[in-house]
Amino acid sequence: MRLSRAFLPTLKETPAEAQIASHRLMLRAGMVRQTSAGIYAWLPLGWRVLQKVEQIVREEQDAAGAQEILMPTIQTADLWRQSGRYDAYGPEMLRLKDRHEREMLFGPTNEEMVTDLFKGYAKSYRDLPRNLYHIQWKFRDEVRPRFGVMRGREFLMKDAYSFDLDCTGAQKSYRQMFVAYLRTFARMGLKAIPMQADTGPIGGNLSHEFIILAETGESQVYLHKDLLEFDVLSRPVDYDGDLSPIVDFWTSRYAATDEKHDEAAWAQVPGESQVSARGIEVGHIFYFGTKYSAAMGLSVNGPEGKPVVPEMGSYGIGVSRLVGAIIEANHDEAGIRWPDAVAPFKVAVLNLKKGDSATDALSERLYAAFAPDAIYDDREDRAGVKFADADLMGYPWQVVIGPRGAAAGKVELKRRATGEREELSVEDAITRIKGA
Ligand code: P5A
């Protein structure tokens, strides 16, 4: 994208309403714009990041055997009456009426809908196991929407739903999602720790929240420091095989949110291994047995010819929240420092002398080498403005091209994460970035 033609409405002043770094930076970098309380429009830069995050989530869900569908945002109250949650959900649910006075709602989650959908198809135990997911906008009328996209009212969630013949199968599905989540967050450069958590309105008695540590997090958490050192991406995963060794590593060490914190168990963790910190919940997985399948009349013909009520779980990732959470974990005084995997553009080409033919030619060449994953600052502005904007928007690589270097075929390469700079030939700069 050429900056001279881009819709990137950056702000010079820090917006007063933003209390945390990610919210401030998303507004200043022109990634999102609030349209009403807790509801955001995603502008080009933010939308690119959201799509990259979404794609990593999708790839890891697919790899774990889940299948993508797309369910509607609007649901009928009838579905929710069947599970008993229509009244229980309370004022967080946005309730609507259509022209026939039929009661509808904007979905805060999809357990009922997916159970009903699956019921129309599954007849026999051979239709199990299945795991269906979608990535869809949700609405929850939060009491206190805040921190920008982190606690919005309208937000993007990946929600998966597993159907199994029995408890053993359901636990396998749970472990598959558990491992897929570890990989998903690690690929975004995040250390997300699964922790025992409350199940709230979703229900069931087994659940883990995936939490990244950040000072501005809404939850207080306690964990064993070993958990911060595990590298899940370094080992290949066979989702059909036994995932217990990976899962047990996590579940055998202490990690809990405030609500589940147990002082007696915590006291067993050696003092030097205790980490207590603030955290942001980026995912939450649940195993709730037959809560929805039984209530909604889902049953299949079992292997012995008797009806069996499938065991279910649901698995959520806060896709839009992740964009804020990634920034909380990756920023400095000057702005965002995107991990390569989710950066809106991998490379920023900064032309310091628009109109100088050698500088223009070299800039165009570099831009062409990385487009469409590059942004070209071809504006007439001062160098200082370009440096500040590139740091604010946090592109992992900056290539700075000025008239003196251009005459000698040299450019300056800057790595945003470390601030390291070096002068190189154009070819070497291209090779360096491509090889990283
Ligand atoms: C699991 C999938 C569920 O809704 N039903 C389907 C289950 N779980 S959850 O914990 O309530 O939400 C899943 C994830 O969604 C994110 N999230 C939010 N993100 C932004 N703004 C919000 N108001 C919000 N509420 C939930 C969180 O990341 C959560 O883990």
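Counting convention: from 1, in listed order, for ligands and their atoms alike. What you see is a predicted model, and the numbers here were worked out from it, not measured in a lab.
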Quick test of your reading of the model: are [X] and [Y] salt-bridged, counting only N-O distances below 4.0 Å?
| X | Y | answer |
| --- | --- | --- |
| R415 | E420 | no |
| E68 | R58 | yes |
| K52 | D373 | yes |

- Query: How long is the gap from CD on E154 to CZ on R140, to the nearest 0.5 Å?
  - Reply: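 Those atoms lie 13.0 Å apart.
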Closest approach of any protein heavy atom to [atom], naming residue and atom:
| atom | answer |
| --- | --- |
| atom 27 (C) of ligand 1 | R321 NH1, 3.6 Å |
| atom 30 (O) of ligand 1 | E281 OE2, 2.5 Å |
| atom 20 (C) of ligand 1 | M150 O, 3.3 Å |
| atom 14 (C) of ligand 1 | G318 N, 3.9 Å |
| atom 13 (C) of ligand 1 | M157 CE, 3.7 Å |
| atom 21 (N) of ligand 1 | G152 N, 3.1 Å |
| atom 4 (O) of ligand 1 | R140 NH2, 2.8 Å |
| atom 25 (N) of ligand 1 | F155 CZ, 3.5 Å |

Contact between [X] and ligand 1, counting heavy atoms under 4.0 Å?
| X | answer |
| --- | --- |
| L156 | no |
| E111 | yes |
| F210 | no |
| S320 | no |
| R153 | no |

- H208 and Y174 side chains, donor-acceptor separation under 3.5 Å: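 Per modelled atom types, Y174 and H208 side chains form a pair under 3.5 Å.
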Quick check: does any side chain N or O of [X] sit under 3.5 Å from a backbone N or O of [Y], one acting as donor and the other as acceptor?
| X | Y | answer |
| --- | --- | --- |
| K346 | D340 | no |
| R102 | K97 | no |
| R253 | F249 | yes |

Taking only heavy atoms of [X], which atoms of ligand 1 are found under 4.0 Å from at least one of them?
| X | value |
| --- | --- |
| R151 | 21 (N) |
| I202 | 3 (C), 4 (O), 5 (N), 7 (C) |
| S314 | 1 (C), 2 (C), 5 (N), 6 (C), 7 (C) |
| V282 | 28 (O), 30 (O) |

Does any N or O of ligand 1 fall below 3.5 Å from an N or O anywhere on [X], backbone included?
| X | value |
| --- | --- |
| T109 | yes |
| H284 | yes |
| D159 | no |
| G316 | no |

Locate the shortest heavy-atom distance separating [X] from [Y]; write the atom from each residue and the value.
| X | Y | answer |
| --- | --- | --- |
| R126 | R130 | O-NH2, 3.8 Å |
| A197 | T257 | CA-OG1, 4.2 Å |
| I74 | M113 | O-CE, 3.9 Å |

- Query: Between V149 and ligand 1, which part of the residue brings a heavy atom under 4.0 Å of the ligand: side chain, backbone, both or neither?
  - Reply: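 Just the backbone.
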- Item | Y254: which of Q274, Q268, Q196, H261 passes side chain to side chain donor-acceptor pair (under 3.5 Å) |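 Output: one option passes, namely H261.
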- In terms of ring plane angle, is the pair F210 and F178 parallel, tilted or perpendicular, where the classes change at 30° and 60°?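 Ring orientation, 0 to 90° scale: perpendicular.
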- Return the orientation label for the Y40 and H23 ring planes: parallel under 30°, perpendicular over 60°, tilted otherwise.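 Perpendicular.
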- Between the candidates F286, Y315, F147, which shows the shortest non-hydrogen contact distance to atom 8 (N) of ligand 1?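 Heavy atom nearest to atom 8 (N) of ligand 1 belongs to F286.
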